[in-house]
Protein chains: 2
Amino acid sequence: MTAPPQEMKRPVNKDGRQYRKSQATKMLILETAVNCFVKYGYHQTTALKIAEVSGLSRGAMRHHFVSKIDITRAAIDYLYEKRLQAFREAVTSIPADVDRIVFAVEAFWSQVNHPLYMAFFELSVASRTDSELAQVLRPAEETFNRTYMEMAAELFPEWSQRPDTLRVALNLARYLLEGMAVDLVARESVEAQGVLHLLERLLRDLRDRPDLRG
Amino acid sequence: MTAPPQEMKRPVNKDGRQYRKSQATKMLILETAVNCFVKYGYHQTTALKIAEVSGLSRGAMRHHFVSKIDITRAAIDYLYEKRLQAFREAVTSIPADVDRIVFAVEAFWSQVNHPLYMAFFELSVASRTDSELAQVLRPAEETFNRTYMEMAAELFPEWSQRPDTLRVALNLARYLLEGMAVDLVARESVEAQGVLHLLERLLRDLRDRPDLRG
DNA sequence: AAGAAAACAGCCATGGCTGCTTGTTAATTT
DNA sequence: AAATTAACAAGCAGCCATGGCTGTTTTCTT
């Protein structure tokens, strides 16, 4: 009986060109994965297909990510990172002297029309019947939701006196825009203008008239 | 060279017990298929699985439906038939002396919470990346949409003077409720009450105040 | 009652995807 | 420059879904 081989793995050198190449390849794989989710849907996206589109061999893929769920895990992080970042940018770039509701609606709407949203949507739907995926997706989504709420609270400080009204308003906006996006997915055309204007009007009402429940 | 065998197929006897059994089996298959779509998702539902759950052999299945897309085609007809029927029932059962908006919202909302909606939703999402399925689904969906609009027009005759406002209102209601349903799918909890009340209020405003655009 | 057709069972060949293994080249450490 | 490890290539065995074929039983027609 010998002692177990004390695998003293040397630390990764983050400056070496090997490391950078590895990172680049990983990014390539993740981007390809997300693109495939959008283009083929989650379940049609196989590990093999990702490898092929990336221009890598199956073995090379495996070196970086062992299985599809591994890729997916990393891709989800990557995806949500980007979504949050885009969100933050959109919100912080709103000028101070305009009606922020119009801008906020527009920002969310363009979010939801972005290809990245499609990827998220595919994952979300797939996760309903795939508990492994659901486990991976849930935390990322919770983070996103929390940030969404927090940013909204920052964006509308005058609203913070009635947090429950704000909550309902935010939920409504979100459901509506996501519902529009879904119809956009399936039916490719959505009567966006009128609906968006109505939403803006409703949000203004909710914000400006405290006596508006029921 | 003989003449082509002039296949004089005898007409189906719709009273025979063979025919009825066939119909029953077909129904069983379709119901199983829809259930599988809900339970496993469209792509996870294989022809084999449908056969197994139905308690049929692969050959027996094949006798009734050659391929999965065949089953799906028939299942879609079956599904939309049921959805439309449920819709019609819900609408026609609304009493005359109440605010029909509340009832209509409730009717649509319970529609969208029904398992059948989940099946439709799965198909709809899958059709984005599956053109064969899209082809099958599109006509059924168009029929449903048309009927939805028509029934709404019947339900709110006083609104028919401003068809564009009605259109926008109907679209908004639909997008919102579907968006809620989607979130329900993925996150299992939706702040329904407040949002539904807001929707009702908005619809009432739109109906009763003609000066409300912009 | 006999022939035809429908309803059903089960097998086989094919092809795609997965997990795993082995081999090769390039970079890094000492 | 020798040894080590990372990066990538490529193949294999197993699994499962599919399409298609053949055989058996039940029902229908005449």
Side-chain angles (χ1 to χ4, degrees), chain A residues 5-30 32-33 36-37 40-74 126 129-130 132-133, chain B residues 5-30 32-33 36-37 40-74 126 129-130 132-133:
Chain A
Q6 182 64 18
E7 300 274 344
M8 183 53 177
K9 68 170 93 174
R10 73 182 155 199
V12 250
N13 178 1
K14 295 203 175 183
D15 296 328
R17 92 187 65 164
Q18 205 163 182
Y19 177 80
R20 271 180 290 127
K21 181 162 196 194
S22 175
Q23 290 306 99
T25 306
K26 277 184 178 164
M27 271 301 152
L28 172 65
I29 293 172
L30 295 186
T32 304
C36 286
F37 293 160
Y40 306 113
Y42 178 73
H43 287 294
Q44 279 67 41
T45 301
T46 68
L48 183 62
K49 199 173 266 174
I50 297 177
E52 277 170 359
V53 176
S54 298
L56 293 173
S57 73
R58 198 117 157 55
M61 270 266 320
R62 190 185 160 73
H63 175 72
H64 294 285
F65 299 102
V66 182
S67 66
K68 180 181 171 183
I69 194 70
D70 275 316
I71 303 177
T72 306
R73 204 186 317 275
T129 52
D130 184 332
E132 196 180 21
L133 177 58
Chain B
Q6 182 65 16
E7 300 274 344
M8 182 55 178
K9 69 169 91 174
R10 72 182 156 200
V12 247
N13 178 359
K14 295 203 174 184
D15 296 329
R17 91 186 66 163
Q18 203 163 180
Y19 177 80
R20 268 180 292 126
K21 181 160 196 199
S22 174
Q23 289 307 99
T25 306
K26 277 183 177 167
M27 270 301 152
L28 173 65
I29 293 173
L30 295 185
T32 305
C36 286
F37 293 160
Y40 306 113
Y42 178 72
H43 287 294
Q44 280 68 38
T45 301
T46 68
L48 183 62
K49 199 173 265 173
I50 297 177
E52 277 169 0
V53 175
S54 299
L56 293 173
S57 72
R58 198 99 169 67
M61 268 267 321
R62 191 182 163 71
H63 175 72
H64 293 285
F65 299 102
V66 184
S67 66
K68 181 180 170 184
I69 193 70
D70 274 315
I71 304 177
T72 306
R73 205 187 315 277
T129 52
D130 184 333
E132 197 180 21
L133 177 58

Enquirer: Tell me: CD1 of Ile71(A) to C1' of dG19(C), nearest whole Å?
Expert: 13 Å
Enquirer: CZ of Phe65(A) versus P of dT18(C): gap in Å, rounded?
Expert: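 From Phe65(A) CZ to dT18(C) P: 16 Å.
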Enquirer: Would you mind reading off the distance between Arg20(A) atom CZ and dT28(C) atom C1', rounded to a whole angstrom?
Expert: 13 Å
Enquirer: Under the side chain to side chain donor-acceptor pair (under 3.5 Å) rule, collect the residues that match up with Gln23(A), sequence neighbours excluded.
Expert: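 Applying side chain to side chain donor-acceptor pair (under 3.5 Å) to Gln23(A) gives none.
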Enquirer: If only side-chain N and O atoms of Thr25(B) are considered, is one of them under 4.0 Å from the OP1 or OP2 phosphate oxygen of dA7(C)?
Expert: no
Enquirer: Tell me: NZ of Lys26(A) to P of dA6(D), nearest whole Å?
Expert: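 In whole Å, dA6(D) P and Lys26(A) NZ are 11 Å from each other.
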Enquirer: In whole Å, I'd like the distance from the NE2 atom of His43(A) to the P atom of dC17(C).
Expert: 15 Å
Enquirer: Residues two or more places apart in sequence or in another chain: which of them pass side chain to side chain donor-acceptor pair (under 3.5 Å) with Thr32(B)?
Expert: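 For Thr32(B) the side chain to side chain donor-acceptor pair (under 3.5 Å) partners, ignoring immediate neighbours, are Ser54(B).
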Enquirer: Does dA7(D) have OP1 or OP2 sitting under 4.0 Å from an N or O in the side chain of His63(A)?
Expert: yes
Enquirer: Considering just the side-chain nitrogens and oxygens of His64(B), establish if one lies under 4.0 Å of OP1 or OP2 belonging to dA6(C).
Expert: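 So the side chain of His64(B) is outside the cut-off, no N or O lying under 4.0 Å from OP1 or OP2 of dA6(C).
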Enquirer: Side chains of Gln44(A) and Asp130(B): closer than 4.5 Å at any heavy-atom pair?
Expert: no
Enquirer: Write out all pairs satisfying salt bridge (Lys or Arg N to Asp or Glu O under 4.0 Å) with one or both partners inside residues 53-65 of chain A, taking only residues at least two apart or from two chains.
Expert: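 Output for this query is empty, none listed.
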Enquirer: Mind checking what makes side-chain contact (heavy atoms from CB on, under 4.5 Å) contact with Glu52(B), not counting sequence neighbours?
Expert: Leu48(B)
Enquirer: Could you tell me if the side chain of Phe37(A) sits less than 4.5 Å from the side chain of Thr72(A), heavy atoms only?
Expert: yes
Enquirer: Check whether any side-chain N or O of Ser22(A) sits under 4.0 Å from OP1 or OP2 of dA7(D), and answer yes or no.
Expert: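 Ser22(A) to dA7(D) OP1/OP2: side-chain N or O found under 4.0 Å.
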Enquirer: State which residues pass side chain to side chain donor-acceptor pair (under 3.5 Å) with His64(A); sequence neighbours excluded, sorted by chain then number.
Expert: none
Enquirer: Taking NZ from Lys21(B) and C1' from dA5(C), how many angstroms apart are they, rounded to a whole number?
Expert: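 From Lys21(B) NZ to dA5(C) C1': 15 Å.
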Enquirer: Considering only dA6(D), dA9(C), dA7(C), which nucleotide approaches the side chain of Leu56(B) most closely?
Expert: dA9(C)
Enquirer: Rounding to a whole Å, what distance do you find between Glu52(B):CD and dA9(C):C1'?
Expert: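 Atom-to-atom, Glu52(B) to dA9(C), this comes out as 14 Å.
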Enquirer: When the distance from CD1 of Ile29(A) to P of dA7(D) is rounded to whole Å, what number comes out?
Expert: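 Taking atom P of dA7(D) as the reference, CD1 of Ile29(A) is at 11 Å.
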Enquirer: Any chance you could list the contact pattern along nucleotides 10-18 of chain D? Use B for base contacts, S for sugar-phosphate-only contacts and - for none, protein heavy atoms under 4.0 Å, 5' to 3'.
Expert: B------SB
